[in-house]
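A short write-up of the structure that comes next.
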Number of protein chains: 6
Amino acid sequence: MKILAVNVNTTASMTRSIGAAARSVARDDTQIIELTPAVGADSVEGNFESYLAAVAVMDAVITYDGDFDAVILAGFGEHGKEGLMELLDVPVVDITEAAAHIAMLLGYRYSVVTTLDRAVPLIEDRLLSFGLQEHCASVRSTGLGVLELEDADRAAQAIILQARQAVEQDRAEVIVLGCGGMAGLDERLTQELGVPVVDGVTSAVVLAESLAALGASTSKSRTYAPPRPKRISGWPLSVRHSAQQ
Amino acid sequence: MKILAVNVNTTASMTRSIGAAARSVARDDTQIIELTPAVGADSVEGNFESYLAAVAVMDAVITYDGDFDAVILAGFGEHGKEGLMELLDVPVVDITEAAAHIAMLLGYRYSVVTTLDRAVPLIEDRLLSFGLQEHCASVRSTGLGVLELEDADRAAQAIILQARQAVEQDRAEVIVLGCGGMAGLDERLTQELGVPVVDGVTSAVVLAESLAALGASTSKSRTYAPPRPKRISGWPLSVRHSAQQ
Amino acid sequence: MKILAVNVNTTASMTRSIGAAARSVARDDTQIIELTPAVGADSVEGNFESYLAAVAVMDAVITYDGDFDAVILAGFGEHGKEGLMELLDVPVVDITEAAAHIAMLLGYRYSVVTTLDRAVPLIEDRLLSFGLQEHCASVRSTGLGVLELEDADRAAQAIILQARQAVEQDRAEVIVLGCGGMAGLDERLTQELGVPVVDGVTSAVVLAESLAALGASTSKSRTYAPPRPKRISGWPLSVRHSAQQ
Amino acid sequence: MKILAVNVNTTASMTRSIGAAARSVARDDTQIIELTPAVGADSVEGNFESYLAAVAVMDAVITYDGDFDAVILAGFGEHGKEGLMELLDVPVVDITEAAAHIAMLLGYRYSVVTTLDRAVPLIEDRLLSFGLQEHCASVRSTGLGVLELEDADRAAQAIILQARQAVEQDRAEVIVLGCGGMAGLDERLTQELGVPVVDGVTSAVVLAESLAALGASTSKSRTYAPPRPKRISGWPLSVRHSAQQ
Amino acid sequence: MKILAVNVNTTASMTRSIGAAARSVARDDTQIIELTPAVGADSVEGNFESYLAAVAVMDAVITYDGDFDAVILAGFGEHGKEGLMELLDVPVVDITEAAAHIAMLLGYRYSVVTTLDRAVPLIEDRLLSFGLQEHCASVRSTGLGVLELEDADRAAQAIILQARQAVEQDRAEVIVLGCGGMAGLDERLTQELGVPVVDGVTSAVVLAESLAALGASTSKSRTYAPPRPKRISGWPLSVRHSAQQ
Amino acid sequence: MKILAVNVNTTASMTRSIGAAARSVARDDTQIIELTPAVGADSVEGNFESYLAAVAVMDAVITYDGDFDAVILAGFGEHGKEGLMELLDVPVVDITEAAAHIAMLLGYRYSVVTTLDRAVPLIEDRLLSFGLQEHCASVRSTGLGVLELEDADRAAQAIILQARQAVEQDRAEVIVLGCGGMAGLDERLTQELGVPVVDGVTSAVVLAESLAALGASTSKSRTYAPPRPKRISGWPLSVRHSAQQ
């Protein structure tokens, strides 16, 4: 199968990390296609940027010239998944929900460790919206910005500090890495922390493959029915964007 | 004070209705400035269009050339408010939350009557996100699309049917009009139904005036702190849009 | 419009403070009428006193000899609002709910800072009953009794201490002053704390004015329908009280 | 032990029914002392009357000239229990909570069948406040006023109708009689309905006896600590009331 | 009446302690019959052992050769109560729910103090399942295993430490002893802590007596209907067990 | 990988159906090993039988003479998963949770259609315990017993009837087949209903494969830590069972 792995920001190096993480768990016959939006912020760390990313991602996907069997949305706590589900028939798996689903299969409670303090309410709100908050022990922040995660050692240290507190104080039994930019750290951190550490990108890949194996696709009965035909101005964004440059 | 009343769709006649409703309750010294986004759908009835509207609204507001003291976001159940709150210091009042706040002051439980069935989960999800769902008895749909509401009699009839059921079966004591396009029907329906009928646009105006009277503005401490400075591609949208045409 | 601002205790100096706070935000054409109950405790700090206040307030309002367009109930976390709503057609706004509504418009989560530890469960219970608890981060107590608040500096210091902890530990983004006796401190504390500080009395005034501007009044369909005619002994209380003295 | 069984209304015949129900299950060495408030409505069917009853009951209890080991508060969904718990050291058992506790021991979900439609939100709110709402399948009303219950056959018929619907539609497994005036009907209805029917008065008696057997009394650590000493005007009510007549 | 007091583990000395605690509060005409399962662990401290205990308890009860009027299930947070309720017509009272019901009658919030850390989620989950979690402030562990509780002084010290923190930090007003093996410590701890301390075994006895006084038995309408007749292999367990030895 | 697919009842034909369903979605290199418990009921339809099944399944798994990489527990709404997770290091996936996780990825709300009315509370309770109930629109019963499902046409008709109502009245967007005995019907029903129909067995297989692909195993930090070493009587069950025969 072909999976579109869509970054939510415009930083191409992060898209490559996401792709690499995705490939590390994908089946042999799964092809991971990386996609970077043409529009939006180079790192997404709040609601404004997240809403822009939602639209940029929808834009990137519907203007992608090729076929695919599933989409992975690689923003943690970010908006947009519901829009993409309306536009597509194939499954769309958000890394936030994916990581929470996997974490709930591995232990009684999980905590999310994310980047900045301001991302915490976004993530809490998305988990609430997905109906996955009941076994979330806490969402904790490292204080590192998205792009600061590229220093893997510094990122690992900051994550370990918060994860330890989550396990001891919040009684988490599983740790979820709360940023697409943390992809690749899960194995190392699982060993250091002694509890399962779940990464959203890899979780989303295996869940997308799972849906494919089941022959399942998004319900079109109500919430995710296709948009009704209507006049839309300025859409898609990237057509105009490339035209303009 | 000056209030920006921003439509979420690109239908100018609806913007004018919103403006008229807003003016009908505004203080004498309040100026209502209507704003229609340059980008997006002519009616917003689902997640894709709503996410696009979120960005279109942010775009319209930040490229608006003038000063203002508050923004009213005239989409019911639509996304975007959190992004605008980050971008602005002045209060942003969404008509969904506004109507719910006012309804909760008038009776023990309220029901929302909205347009299409597919809008129901969006509205429920927004109320959940705003923490205003506890006293919501139900969200009911009339089956009418947004633009069909322009036939006021037909709209009133369809709303009355659902509102009666909400009062009798769901034990609602207040009815909320769940679409910006229903603005102007509240008085008539209050009389016909015998329970308070709340419109979001007028509710948002008086709440925006309330915040102004209190000298209050959005907390900038965490969730709605200004975006960090960073490189953003293709933003604002409308600059490119108008440039392109 | 005329707003009855009713104290819940019998301390006249506190009634005057409440009146002053109310006037500080009221529209020019709004008249604030202060009312002190004839019956009850000089400060209300628990359930017994609160229940007595509920009845004393209803008594004071229905024996008030004059007309009015709305009532503000100036007890934080105290009982009684629902009874008054049955007795009156005009809006009744409780300062607890008023402050919570306003706080939710200004930030993602709010904390309440109140007087004694024993008031905390009362306030939590009222917020739960109003359906406004979902975005309440915490209710914290200063340890000061109601009448100790008259020393404004001491009160401010104690409130700041708890408010800081609410912001840092409980992730509150807005602080609500959880006692009618704290009226007047909001502006000063907003400056010192750097987050919006909301006072219930001023919030209730602007919300009462909002309801008036909307032409809205309490739903009479079920919960707040007028009491059925029946024989009531010893009511109103104050008639007997004054007769007896 | 001596149990004060306090009616919440001023109808002496109802007090006697409550007393009779209480005695029907009390241990041989338990003495039931009936108490009727001097102040308040002859039937309590809403918030105004309920708040007045709360104070009237506190008044009746603290001016009762005799000793007792527990108090049963015979109002279903009515206010006041928390105030009485502050004033007394001995246990106070409200019939609403008592019936819910017993019902939860007998089946997975219970429904309450009460009098008027307007009592439903009061009962729901009290169950919420007591933390007993999770297994409540529904609160249903018969449409009969409190005093209409004195026609036992009519009351039984109306209750059976609602109880059947609760069992079949709401999946209740236990029925709670939601009014002190329904005392005495439980045995008959249990037989007719084929599911346990729980009465609040008898439930409260056995729970009060249970607490006595355990040597347990109300926690005085925070919520129910005794009121602080202070000046209270017009209290107790009944002293003035009798003085005045 | 005759109450079967069933231990969940196979340690006979603990069964005797449970019996003694039960007798200390039982009515004169109540007979406590101790029962120890033939199968299972000598102490139950996790899910595997708890599930085994559930079956062992059902086995012990249905193979008990004698009549009885109620069963007390003396495992705190353990599984099995629902199964026993299907098999029997007489009431089954679990000490976890019993203690929570009693605690909720004595104060606004209660905390449970239990044995090992790993028991905490079990207890939380059972309270959730019973619908009794809303007023639970916290479940805290002493770190002592079930059998270590036989040293009463050490147990008391460890419990007091956690209970103090529950009262001060979690705002508990009542403490629940979260293990059948803590039976007998409630009186001593109530005195030392100054808040009511509730034991599950004694609570269950008085509640079982309460249900008997009400003539109430388990609803057989749905969840706890008798098992349908069917072929069951290897049941009852103890028949085989004794046959085998 | 090798997956143990464990039936919860002793009906071998049902085990074979479960195995067949499992194999229909498994990867080529996944081996499905069917396991039928030696102890328990031939169909599990209530709490007693479910608790017995929990122990019978643990027994069957730990006495299984062979290696395996994951376990699928094929009882819908049944107990036991937590016990097995303590006993094993490899992942244990319950079909109830598996189906709910998959359903939540495919639509906004799902309904479960199960066998008998009495199974409904069990399933609701398990979803609550797993933290997966928030997006569950309803659990509906067909009225068919587990073994009656072997008539596939009758089963399909009964399921379709309830599923239609779930979609129209409860606003479900995805249907979950709420019984291991319904395995194999999902594809046919998806076509007839026009919404995704999810089967637990196939869902559990792909999730078990997902966890394997991630290299993830159960957290051993608290809830699912291995049982402490202790004396256990009569365990394992099947050893005695076979010895006895």
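We name chains A, B, ... by the order of the sequence lines, and we start the count at 1 in each one. Computed from a predicted model, the values in this text were never measured in an experiment.
In this structure, the portions of A/Asp117 lying under 4.5 Å from any heavy atom of chain B include both its backbone and its side chain. Heavy atoms closer than 4.5 Å to chain B are found in the side chain of A/Glu86, but not in its backbone. Proximity to chain B is limited to the side chain of A/Leu87, based on heavy atoms less than 4.5 angstrom apart. Only the side chain of A/Leu116 comes within contact range of chain B, with heavy atoms under 4.5 Å apart.
Within the model, atoms CG of B/Asp42 and CD1 of A/Ile232 stand 8.0 Å from one another, a figure rounded to the nearest 0.5 Å. The distance from atom OG1 of B/Thr223 to atom CG of A/Leu122, rounded to the nearest 0.5 Å, is 7.5 Å. The line from NE2 of A/His79 to NE2 of B/His79 is 6.5 Å long, rounded to the nearest 0.5 Å.
Comparing A/Leu84, A/Leu52, A/Thr10 by how many heavy-atom pairs each has under 4.5 Å with chain B, the most go to A/Leu52. Options B/Lys81, B/Arg118, B/Arg222, B/Met85 differ in how many heavy-atom pairs under 4.5 Å they form with chain A, and the most are formed by B/Arg118. Among B/Ser221, B/Pro37, B/Ala56, B/Pro226, the residue with the largest count of heavy-atom pairs under 4.5 Å with chain A is B/Pro226. Counting heavy-atom pairs closer than 4.5 Å to chain A, the top residue among B/Ala119, B/Gly40, B/Gly46, B/Ala225 is B/Gly40. Ranked by heavy-atom pairs under 4.5 Å with chain A, the first of B/Ala54, B/Gly145, B/Ser50, B/Ser129 is B/Ser129. Contacts with chain A were tallied for B/Thr11, B/Leu128, B/Asn9, B/Leu147; B/Leu128 has the most, counting heavy-atom pairs under 4.5 Å.
Aromatic ring pairs are classed by plane angle as parallel below 30°, tilted from 30° to 60° and perpendicular above 60°; the pair B/Phe48 and A/Trp235 is tilted.
A/Lys230 places a side-chain N or O within 3.5 Å of a backbone atom of B/Ser43 that can act as its donor or acceptor partner.
More than 12 heavy atoms of other residues, nucleotides or ligands sit less than 6.0 Å from atom CD of A/Glu150.
Across every non-hydrogen atom of B/Asn47 and A/Tyr224, the tightest pair is ND2-CE2, 4.4 Å. Shortest non-hydrogen contact noted between B/Ala38 and A/Ser233 is O-CB, 3.4 Å.
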